[in-house]
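Please read the structure below before turning to the comments.
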Protein chains: 2
Amino acid sequence: MRDYSDVQHPCGNCDFHDQSIWQPVSGAALPILNRGFDRLPLETSQILFEQGEENSGVYCVSRGLIGIRSCQDDGKSTLLRLAYPGEIIGFRSFMAGQPHHTEAQALIPSRVCKVPRHSVRQILNRSPEVLGRLADRCIQEIDRSHAHIIAAATRSNTERLSDLLGRLLQIHGRDCADGKRMYLPLSRIDLADLLGIRPETLSRVVARLLNDSAYSICGREVLLRG
Amino acid sequence: MRDYSDVQHPCGNCDFHDQSIWQPVSGAALPILNRGFDRLPLETSQILFEQGEENSGVYCVSRGLIGIRSCQDDGKSTLLRLAYPGEIIGFRSFMAGQPHHTEAQALIPSRVCKVPRHSVRQILNRSPEVLGRLADRCIQEIDRSHAHIIAAATRSNTERLSDLLGRLLQIHGRDCADGKRMYLPLSRIDLADLLGIRPETLSRVVARLLNDSAYSICGREVLLRG
DNA sequence: CGGAGACTTGATCTGAGTCAAGGGGAGTGG
DNA sequence: CCACTCCCCTTGACTCAGATCAAGTCTCCG
């Protein structure tokens with residue numbers, strides 16, 4: 001019986017390592033994980049994988065912000081959702097055994113950790129708990145979709161924009177004298193996509209929000225007074 | 001080594017038995033499945049489980065049609081989706097280990113097969129392929145949600161109603177001299193919920209559909225001429 | 001008979017989409 | 001350095017679909 005107690009866990013450096021789907025990997029499976037594990041730095045607007053590409057593995061966002069886009073046949077693309085550190089991307093494609101049907105793009109300088117497909121398969125065989133964690137992520141994705149559908153039907157666009165900015169501020173915001181500030185990591189078009197509205201409408205929604213709330217927005221500089 | 005080759009599989013009677021998530025169960029796990037397996041007949045509008053109830057197992061729709069509703073705090077309920085034969089319900093709650101946050105109700109006389117929670121756990125331990133099939137259902141649910149979001153954003157209500165009726169006709173429709181007929185298993189309010197619009201609007205959408213398409217609708221009698 | 005609920009219809013309001021125009025910044029080329 | 005273009009974003013005017021409010025019909029059921 002070999003002793004694996006001195007083998008480092010690759011997720012040890014990430015803040016959320018105990019939430020990582022790879023956290024249960026230990027013992028003989030750990031070297032498999034380490035061997036395949038790859039940390040990829042991404043520049044702003046760099047593409048991680050394209051729509052239609054074969055799935056080559058499972059990615060975990062280590063830092064930064066990744067945008068998941070759907071590209072239409074006419075060349076237009078639409079931002080579907082954001083993936084924050086700790087989130088897994090590409091697992092739908094992995095689990096379904098199909099090509100990616102979305103594109104992943106870094107919205108700010110980011111880092112993702114990749115585990116190639118065949119390593120994932122080997123690990124799943126040895127550490128069934130990992131499959132349990134993957135299933136949890138599926139459930140989260142389902143819940144997120146449901147919440148999105150409900151929010152779209154019941155909340156006004158101003159409320160939803162406010163919610164979205166609040167979530168972004170929690171992650172990207174820095175405290176300062178007059179409240180909380182951030183540099184918006186999204187274009188107006190991307191913001192509009194996320195809310196499922198037209199850019200012109202977003203422009204008006206933003207204007208409305210400036211009047212009715214504690215937000216000040218100038219270009220991509222966002223300030224929440226308070 | 002006991003011989004299990006003469007043990008019947010409980011899903012053998014269903015048309016879709018090879019698609020059943022329990023199909024991979026065999027050998028020593030089969031008696032566990034059989035022991036817990038319970039066929040429940042449901043009358044129209046009978047409740048299978050309520051929102052907030054503890055999860056007591058996983059259900060598979062054997063025949064009929066089950067409506068999944070979300071009940072608001074003010075007592076109003078909203079039909080979220082339909083579950084057809086072969087679909088699994090209650091698995092989100094099972095996998096998350098949380099109470100149901102939707103309600104399941106038979107829309108027509110139906111039958112569901114229940115496998116209690118502890119049996120599912122035992123089976124998952126012995127037949128990991130079942131977990132794979134469960135994961136597939138998760139993926140399907142995610143895809144369905146995405147399709148729903150996209151359809152809501154890009155298609156008109158008339159188109160979406162037409163799509164919905166088409167799907168219902170495929171399952172509940174019977175061929176007759178002048179086309180395809182069915183008795184609509186849903187109230188107008190439920191139809192409106194599924195499309196995410198108000199009942200008054202649905203009424204007008206139906207009126208529009210009667211003019212522009214091959215549908216004739218009178219009360220709950222639907223005819224697709226052709 | 002009366003009441004409740006499902007459904008329809010009409011009138012009106014509102015919010016988002018669409019079309020069109022223009023400002024402003026970044027990058028390019030002369 | 002300036003002119004030019006491209007793209008992002010904003011603004012205004014208009015249109016239209018759906019929400020809302022109100023009224024009325026119908027059926028079912030006590």
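A, B, ... follow the sequence lines: proteins, then strands. Residue 1 opens every chain.
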Give a yes or no answer on whether the side chain of A/T201 reaches the backbone of A/I197 with a donor-acceptor pair at less than 3.5 Å.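 No: the side chain of A/T201 does not pair with the backbone of A/I197.
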Nearest-Å distance, [atom1] ([X]) to [atom2] ([N])?
{"X": "B/R155", "N": "D/dG18", "atom1": "CZ", "atom2": "P", "answer": "14 Å"}
{"X": "B/L186", "N": "C/dA6", "atom1": "CG", "atom2": "P", "answer": "14 Å"}
{"X": "B/L209", "N": "D/dA17", "atom1": "CG", "atom2": "P", "answer": "15 Å"}
{"X": "A/D190", "N": "D/dC7", "atom1": "CG", "atom2": "P", "answer": "16 Å"}
{"X": "A/R188", "N": "D/dC8", "atom1": "CZ", "atom2": "P", "answer": "13 Å"}
{"X": "A/R220", "N": "D/dC9", "atom1": "CZ", "atom2": "P", "answer": "6 Å"}
{"X": "B/L195", "N": "D/dA19", "atom1": "CG", "atom2": "P", "answer": "11 Å"}
{"X": "B/E159", "N": "D/dG18", "atom1": "CD", "atom2": "P", "answer": "11 Å"}

Parallel, tilted or perpendicular, as decided by the 30° and 60° cut-offs, for the rings of B/H100 and B/F49: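 Taking B/H100 first and then B/F49, their aromatic rings lie parallel (interplane angle under 30°).
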Relative to each other, are the rings of B/H172 and B/Y84 parallel, tilted or perpendicular (30° and 60° limits)?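 B/H172 and B/Y84: tilted rings.
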Under a 4.0 Å threshold between the charged nitrogen and the carboxylate oxygen, would B/R155 count as salt-bridged to B/D163?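 Answer for the salt bridge query: yes.
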Min side-chain heavy-atom separation A/L184-A/E221 under 4.5 Å: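 Sidechains of A/E221 and A/L184: no contact.
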Grab the N/O contacts between the protein and nucleotides 15-18 of chain C below 3.5 Å, and write none if there aren't any.
{"from": "C/dA16", "atom 1": "OP1", "to": "A/N157", "atom 2": "ND2", "distance (Å)": "2.9"}
{"from": "C/dA16", "atom 1": "OP2", "to": "A/R208", "atom 2": "NH2", "distance (Å)": "3.3"}
{"from": "C/dA16", "atom 1": "O5'", "to": "A/N157", "atom 2": "ND2", "distance (Å)": "3.3"}
{"from": "C/dG17", "atom 1": "OP2", "to": "A/R198", "atom 2": "N", "distance (Å)": "3.3"}
{"from": "C/dG17", "atom 1": "OP2", "to": "A/T201", "atom 2": "OG1", "distance (Å)": "2.5"}
{"from": "C/dT18", "atom 1": "OP2", "to": "A/R198", "atom 2": "NE", "distance (Å)": "3.3"}
{"from": "C/dT18", "atom 1": "O4", "to": "A/R204", "atom 2": "NH2", "distance (Å)": "3.0"}

Option passing side chain to side chain donor-acceptor pair (under 3.5 Å) with B/R144 (candidates B/Q140, B/H146, B/E141):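 Looking at B/Q140, B/H146, B/E141, the match for B/R144 under the side chain to side chain donor-acceptor pair (under 3.5 Å) is B/E141.
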